[in-house]
Amino acid sequence: QVQLVESGGGLVQPGGSLRLSCAASGSTFSINAMGWYRQAPGQERELVASITGGGGTNYADSVKGRFTISRDSAKNTVYLQMNSLKPEDTAVYYCNADLTVFLPKPTAAEYWGQGTQVTVSS
């Protein structure tokens, strides 16, 4: 089994910054892509940013120029640097991993983190 452990959420004032981290561990795997989604109360979960195993990135239009996704392949960790935060960025942020798990045989699998709250408020 694979576990995703998130950290870095919290309360920040508008215009502030936060960095989220998500570390994948457990079974032997390779990363096809990892990303961050968010879900605000009463709204559907939406993609914020993703990064492929080859390093390609994708961002929601609402966060382009403010958020940056990056990874540390040696640590199987993905980061989301969030700058110029706005109240509308308030949501629970979820880490997502699209992996190939090798044991007992190569199998594509998707995993979710437990979620971390980000609140942007003065």
pair [X]-[Y]: side-chain heavy atoms closer than 4.5 Å:
X: Gln81; Y: Ser17; value: yes
X: Tyr93; Y: Glu6; value: no
X: Ser50; Y: Met34; value: no

**Message:** Are Val48 and Val12 linked, directly or through intermediate hydrophobic residues, by side-chain heavy-atom contacts shorter than 4.5 Å (ILVMFWY only)?
**Reply:** yes
**Asked** Are Phe102 and Leu99 linked, directly or through other ILVMFWY residues, by side chains that come within less than 4.5 angstrom of each other?
**Response** no
Minimum heavy-atom distance between [X] and [Y], given as atom pair plus value:
X: Cys95; Y: Leu4; value: O-CD1, 3.8 Å
X: Tyr59; Y: Ile69; value: OH-N, 2.9 Å
X: Trp36; Y: Val78; value: NE1-CG1, 3.9 Å
X: Arg66; Y: Ser62; value: NH2-O, 2.9 Å
X: Leu85; Y: Leu18; value: CD1-N, 3.8 Å

**Item:** Set of residues satisfying side-chain contact (heavy atoms from CB on, under 4.5 Å) with respect to Lys105, sequence neighbours excluded
**Value:** Thr107
**Item:** Interatomic spacing from OG in Ser7 to CZ in Arg19 - rounded to 0.5 Å
**Value:** 8.5 Å
Show me, pair by pair, the donor-acceptor contacts under 3.5 angstrom made by side chains of residues 111-122, not counting sequence neighbours?
{"residue": "Thr116", "atom": "OG1", "partner": "Gly9", "partner atom": "N", "Å": "3.3"}
{"residue": "Gln117", "atom": "NE2", "partner": "Ala91", "partner atom": "O", "Å": "3.4"}
{"residue": "Gln117", "atom": "NE2", "partner": "Thr119", "partner atom": "OG1", "Å": "3.3"}

**Request:** Could you please spell out the steps behind the side-chain contact (heavy atoms from CB on, under 4.5 Å) verdict for Val101 and Thr28?
**Result:** CA-CA 6 Å; Val101 180; Thr28 303; over 6 Å; no
**Prompt:** Which residue pairs satisfy the salt bridge (charged side-chain N to carboxylate O under 4.0 Å, His left out) criterion with at least one member in residues 38-48, sequence neighbours excluded?
**Reply:** Arg38-Glu46, Arg38-Asp89
**Asked** So among Val63, Ile51, Thr68, Leu20, which one has a side chain to side chain contact (heavy atoms under 4.5 Å, CB included) with Leu80?
**Response** Leu20
**Asked** Are a donor atom and an acceptor atom from the side chains of Thr52 and Asn32 found within less than 3.5 Å of each other?
**Response** no
**Message:** For a side-chain contact (heavy atoms from CB on, under 4.5 Å) check, start with the C-alpha distance between Leu103 and Phe29, then their side-chain angles and the critical distance, and finish with the verdict.
**Reply:** CA-CA 8 Å; Leu103 298 175; Phe29 57 85; over 6 Å; no
**Prompt:** Just by distance, do the side chain of Thr90 and the backbone of Glu88 share a donor-acceptor pair under 3.5 Å?
**Reply:** no
